[in-house]
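Accompanying notes for the structure given below.
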Amino acid sequence: MLERNVAAGDFSPRNRLATGGAQRPQERLQALPGGLLGRLAWYFNRLRCMTPGEIPLRAMRALVVRSERWGLRGAERCPPAHLDVPSDPWIHTPAGVDVRLYVAAAERIAAGRIDTFALRDIDLGSPPRWNRDPKTGIEAPLRFGLLLDYRDPKLVGDIKYVWEVNRHLHLVTLAQAYALTHDPRYFACMRQHLESWFSACPYRMGPNWSSALEAGLRLINWSAAWQLVGGAHADVFGDAEGARFRQCWLESVYQHALFIRAHFSFGSSANNHLVGEAAGLFIAAVTWPMWPAAHRWRAEAAAMLEHEALVQNAPDGVNREQAVSYQRFELDLLLLPLFAGRANGHAFSQAYAARIEKMIEFLVSIMDGRGHVPMFGDSDDAVVLDLAPQRAFCAYRSLLATGALLFRRGDLKRKAGALDDKTRWLLGPTADAAYRQLEQKHERVAPRRTFPVGGYYVLGCDFDTDAEIRLVVDAGPLGYGALAAHGHADALAFTLSVGGREFLIDPGTYAYHTHAAWRGYFRGTAAHNTVRVDGRDQSQSGGNFMWLRKATARCSVWRTEPERDVFAGWHDGYRRLPDPVIHRRQIVIDKRARRIVIEDRLQMSDPHDIEMFFHCSDACHVDRVQDGYAITRDGRTVVLKLPQLAGDHAQIFFGSEAPMLGWVSQRFDEKRPAPTIAWRARLANSRVLHCELLC
């Protein structure tokens with residue numbers, strides 16, 4: 001039975017499955033978004049995710065934090081800075097950039113217009129109100145930052161909006177405009193913002209001192225801005241007022257370094273946050289080596305980066321967060337210290353550089369011919385350093401271009417296309433000439449197809465041509481560590497791109513700390529191109545960034561041949577049901593026929609409610625055809641044929657809120673309707689479900 005549900009949802013009994021099904025009492029408790037019970041459930045679940053050895057360490061950390069609050073430790077004064085200790089810049093004013101773009105961007109900032117997530121061209125003020133959430137207008141209290149509950153939207157608003165402005169990416173834009181034009185107005189605006197920040201955000205007070213990662217990212221942006229205005233002996237610091245401002249800035253740098261060293265993420269929290277903290281501390285140490293302590297910062301942070309680069313990123317190049325956006329984010333956090341170290345006499349190991357190269361190779365392999373990358377796992381649009389003002393700037397292609405120059409890889413240049421401005425600022429005035437000299441391989445290099453540790457497999461043919469079929473399937477871990485914080489319940493899901501056009505997609509993330517129901521939807525199984533059983537997610541959530549019971553997924557068969565590719569895998573996420581279910585999926589691509597066959601085998605005994613989802617790009621139009629649907633975009637059509645079983649039901653959802661289906665989130669805090677095809681049936685005994693995609 002094929003039907004179309006356009007917008008409002010369908011409240012009839014047949015739609016009961018899509019609402020998520022019945023929840024057990026403990027699951028209802030875990031799902032509570034707020035209030036006392038919700039907070040208690042969160043803390044209980046958080047304890048469940050810790051090892052026995054981590055709990056006493058966290059208790060000790062809590063005592064340390066309170067001793068800081070009482071002024072018993074962590075209040076060291078900044079010692080005199082030895083300004084003549086040399087430091088060489090790791091960011092360089094390039095030749096050949098369009099100065100007008102940087103001037104226009106700086107003028108917008110000076111006028112108070114700063115884009116932040118879903119807020120576009122709004123007046124945040126110049127300088128902004130640093131402790132105020134620009135989305136809700138809530139002003140966070142100026143309490144001791146580490147004891148401030150930044151997860152409480154009633155107290156701080158949406159903390160992501162607060163933190164984003166306070167990472168000070170926009171100060172780098174002002175510094176770029178100053179470096180390109182030497183117009184003192186841009187430095188004056190930057191100085192005004194910083195002086196305002198020092199006043200509004202005193203050391204360890206308020207939401208901007210509640211996370212060591214935020215301090216690390218701020219240091220990275222301060223380092224870039226410091227270099228671009230000329231460093232310690234810049235003309236802008238030449239008079240008495242300039243010297244006073246420099247001293248205030250240096251004191252805050254020192255406080256940031258102390259704060260990070262005292263509050264590194266550890267245990268179950270030691271994910272990308274720890275890498276960002278170490279990167280910020282290392283870059284601070286090489287940018288401002290004017291205190292004896294900077295030598296310790298540098299050594300500690302470098303050792304931490306060396307270790308975490310290999311621990312958090314698998315040998316096949318997949319970031320263990322199982323989130324492509326965080327792979328991009330962490331690549332920047334590893335690359336920037338590499339450049340900063342090279343400029344200042346610190347050589348990271350060959351293993352460190354090789355792991356970065358593998359990470360870039362993974363992005364090359366999953367990127368289609370037009371530069372689209374699947375949105376597996378969480379994404380908050382995090383940017384470490386915003387160096388390119390172009391609206392068409394692609395952060396993933398930029399990483400490929402940077403990698404092409406760094407590793408002398410013509411194949412990376414071919415996929416990256418033109419050199420981008422971010423790479424120009426990092427590599428300097430010779431970047432364009434070096435890029436032109438990189439020889440592209442005339443033959444097309446086939447992408448790496450298997451990433452067995454990360455669990456991703458690339459099926460298809462005619463890669464990077466207009467005839468390309470690129471299917472990426474996920475049979476990897478849920479996420480990194482005990483929390484698996486940024487993973488989604490997407491075992492055996494896949495994405496499909498044809499001719500560089502996305503047809504079947506991962507719909508993204510949308511929300512983190514707010515919109516609890518939507519947070520649950522976008523990270524849940526129903527928001528992915530896979531099978532859901534009894535209205536439950538494959539893995540059991542314990543909070544916004546916690547998974548308690550985690551599905552294990554594996555690839556059991558992988559073959560690639562000239563005429564076809566074969567993938568087979570399984571996951572055990574539904575073994576927790578009273579009648580356990582094992583889901584096995586086989587995907588076969590017949591390259592000559594351009595046909596994809598998907599077989600889902602469900603091992604079970606009792607009756608279960610079975611659903612299959614196919615999430616289409618918002619650029620697609622979907623029409624009913626015999627036995628399935630035609631998915632069309634840009635003059636191309638992919639035909640989806642669904643199982644035909646007694647009592648089954650299929651329909652299209654488009655922007656439905658009850659049930660939540662038919663959405664895509666290309667950017668953080670933004671969502672828009674997109675067609676989702678949902679097939680449902682109540683089945684007993686083991687079954688094989690057969691679908692086809694004709695490309």
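Just so you know, residue 1 is the first one in the sequence shown, and it goes up from there.
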Review point. Can a cation-pi geometry be assigned to R296 and W291, taking NZ or CZ under 6.0 Å from the six-membered ring centre and within 45° of the ring axis?
Key: no
Exercise for review: Taking N45 for its side chain and G542 for its backbone only, find out whether a donor-acceptor pair lies under 3.5 Å.
Suggested key: yes
Point to revise | Criterion salt bridge (charged side-chain N to carboxylate O under 4.0 Å, His left out) on R58 and E54, from CA distance to verdict | key: CA-CA 6 Å; R58 289 199 175 271; E54 183 177 345; 2.6 Å; yes
Review point. Are H346 and F282 an aromatic pair by the rule of ring centers under 6.0 Å?
Key: yes
Check your understanding: Are S268 and R46 side-chain neighbours, meaning at least one heavy-atom pair lies under 4.5 Å?
Key -> yes
Check your understanding: If we only count heavy atoms from C-beta on, is the F407 to I360 side-chain gap below 4.5 Å?
Key -> yes
Review point. Are the side chain of T287 and the backbone of I283 linked by a donor-acceptor contact shorter than 3.5 Å?
Key: yes
Review point. How far does CZ of R536 sit from CZ of R576, to the nearest 0.5 angstrom?
Key: 6.5 Å
Practice item. If the plane angle is over 60° it's perpendicular, under 30° parallel, otherwise tilted; pick one for Y512 and F545. Key: perpendicular
Review point. CG/L331 to OG1/T402 distance, rounded to the nearest 0.5 angstrom?
Key: 10.0 Å
Practice item. Report yes if the side chains of V162 and Y150 come closer than 4.5 Å at any heavy-atom pair, otherwise no. Key: no
Review point. Side chains of L335 and L406: does their closest heavy-atom pair fall under 4.5 Å?
Key: yes
Check your understanding: Where do V318 and V453 land on the side chain to side chain contact (heavy atoms under 4.5 Å, CB included) test, with the steps shown first?
Key -> CA-CA 8 Å; V318 177; V453 182; over 6 Å; no
Review point. Is a side-chain donor-acceptor pair under 3.5 Å present for E361 with S365?
Key: no
Check your understanding: Restricting to pairs with a member in residues 312-334, which pass ring-ring contact (aromatic ring centres under 6.0 Å, His included), not counting sequence neighbours?
Key -> Y326-H486
Practice item. Return yes if some donor-acceptor pair links the side-chain N/O of T525 with the main-chain N/O of A489 below 3.5 Å, else return no. Key: yes
Check your understanding: Between D378 and H488, is any side-chain donor less than 3.5 angstrom from a side-chain acceptor?
Key -> yes
Check your understanding: With ring centroids as reference points, do W249 and Y254 lie under 6.0 angstrom apart?
Key -> no
Point to revise | Pair E68, H263: side-chain N/O donor-acceptor within cut-off below 3.5 Å | key: yes
Point to revise | Main-chain N/O of P337 paired with R342 side-chain donor or acceptor, under 3.5 Å | key: no
Review point. For the side chain of Q538 and the backbone of A491, is there at least one donor-acceptor N/O pair under 3.5 Å apart?
Key: yes
Check your understanding: Does R667 count as lying over the ring of Y510, i.e. NZ or CZ under 6.0 Å from the six-ring centre, within 45 degrees of the axis?
Key -> no
Check your understanding: Any side-chain heavy atom of R167 sitting closer than 4.5 Å to one from R218?
Key -> no
Review point. Is there side-chain contact between R151 and N544, with at least one heavy-atom pair below 4.5 Å?
Key: no
Point to revise | Audit row: V253, H256, side chain to side chain contact (heavy atoms under 4.5 Å, CB included) steps and yes/no | key: CA-CA 5 Å; V253 166; H256 276 69; 5.7 Å; no
Point to revise | Distance-only polar pair, side chains of S665 and E670, donor-acceptor under 3.5 Å | key: no
Check your understanding: Regarding Y456 and Q322, is there a side-chain donor-to-acceptor distance under 3.5 Å anywhere?
Key -> yes
Practice item. Kindly indicate whether the side chain of H513, heavy atoms from C-beta on, has any atom under 4.5 Å from the side chain of D152. Key: no
Practice item. Answer yes or no: is there a donor N or O on one side and an acceptor on the other, between the side chain of K550 and the main chain of A482, under 3.5 Å? Key: yes
Review point. Does one side chain, of S252 or W197, offer a donor that lies under 3.5 Å from an acceptor on the other?
Key: no
Check your understanding: Should W222 and L217 be marked as a side chain to side chain contact (heavy atoms under 4.5 Å, CB included) after you check the CA-CA gap, both sets of side-chain angles, and the distance that decides it?
Key -> CA-CA 9 Å; W222 283 5; L217 294 174; over 6 Å; no
Check your understanding: Are F522 and W663 close enough, and set up right, to give a side chain to side chain contact (heavy atoms under 4.5 Å, CB included), and what steps lead you there?
Key -> CA-CA 9 Å; F522 274 98; W663 298 93; 3.8 Å; yes
Point to revise | Pair N272-E321, side-chain donor/acceptor within less than 3.5 Å | key: yes
Review point. Which atom pair, heavy atoms only, marks the closest approach of S265 to S269?
Key: CB-O, 3.6 Å
Check your understanding: Within the distance-only criterion (no hydrogens, no angle test), does the side chain of T530 pair as donor or acceptor with the backbone N or O of D490 below 3.5 angstrom?
Key -> no
Point to revise | Inter-residue atom distance I159.CD1 - L148.CG, 0.5 Å rounding | key: 7.0 Å
**Study point:** Aromatic plane relationship, W558 with Y457 - under 30° parallel, 30 to 60° tilted, over 60° perpendicular
**Key:** tilted
Point to revise | Residue among K358, E308, E330, R320 satisfying side chain to side chain donor-acceptor pair (under 3.5 Å) with N313 | key: E330
Check your understanding: In Å, rounded to the nearest 0.5 Å, how long is the span from NE2 of H170 to CG of D386?
Key -> 11.5 Å
Point to revise | Step-by-step salt bridge (charged side-chain N to carboxylate O under 4.0 Å, His left out) determination, D316 to R355 | key: CA-CA 8 Å; D316 60 11; R355 192 58 52 94; over 6 Å; no
Point to revise | Value rounded to 0.5 Å, distance of NE2 in H273 from CG in L333 | key: 10.5 Å
Check your understanding: Where do A294 and P289 come nearest, in terms of heavy atoms and distance?
Key -> CB-CA, 3.8 Å
Practice item. Scan side-chain atoms only and decide if H583 and W570 contain a donor-acceptor pair under the 3.5 Å cut-off. Key: no
Point to revise | Donor-acceptor pair, side chain of R298 and main chain of A285, under 3.5 angstrom | key: no
Practice item. Quick one: closest heavy-atom pair of L399 and D332, and the distance? Key: CD2-OD1, 3.6 Å
Exercise for review: Examine the side chains of R519 and T509 and answer whether a donor and an acceptor come within less than 3.5 Å of each other.
Suggested key: no
Exercise for review: Say whether, by atom type as modelled, one donor and one acceptor occur between the side chain of R61 and the main chain of P56 under 3.5 angstrom.
Suggested key: no
Practice item. Let me see the working for Q327 and Y396 under side-chain hydrogen bond (donor to acceptor under 3.5 Å, both in side chains), right down to the final yes or no. Key: CA-CA 10 Å; Q327 174 124 359; Y396 293 100; over 6 Å; no
Point to revise | Nearest heavy-atom neighbours spanning D133 and V156 | key: CB-O, 3.7 Å
Point to revise | Polar side-chain atom of Y161 near backbone of T136 as donor-acceptor pair, under 3.5 Å | key: no
Revision key, fill the gap. Distance col, row W547:CH2 vs Q540:CD, nearest 0.5 angstrom, shows 9.5 Å
Review point. Do L142 and N131 have side-chain heavy atoms sitting under 4.5 Å apart?
Key: yes
Check your understanding: Yes or no on side-chain hydrogen bond (donor to acceptor under 3.5 Å, both in side chains) for R328 and S379, after CA distance, side-chain angles and deciding distance?
Key -> CA-CA 10 Å; R328 170 188 56 76; S379 172; 5.1 Å; no
Exercise for review: Step through the shown structure and confirm whether more than 12 heavy atoms of other residues, nucleotides or ligands are within 6.0 Å of CZ on R575.
Suggested key: no
**Study point:** Modelled atom types, side-chain donor and acceptor of S349 and E306, under 3.5 Å
**Key:** yes
Exercise for review: Determine, for K135 against D669, whether the closest basic-nitrogen to carboxylate-oxygen distance falls under 4.0 angstrom.
Suggested key: yes
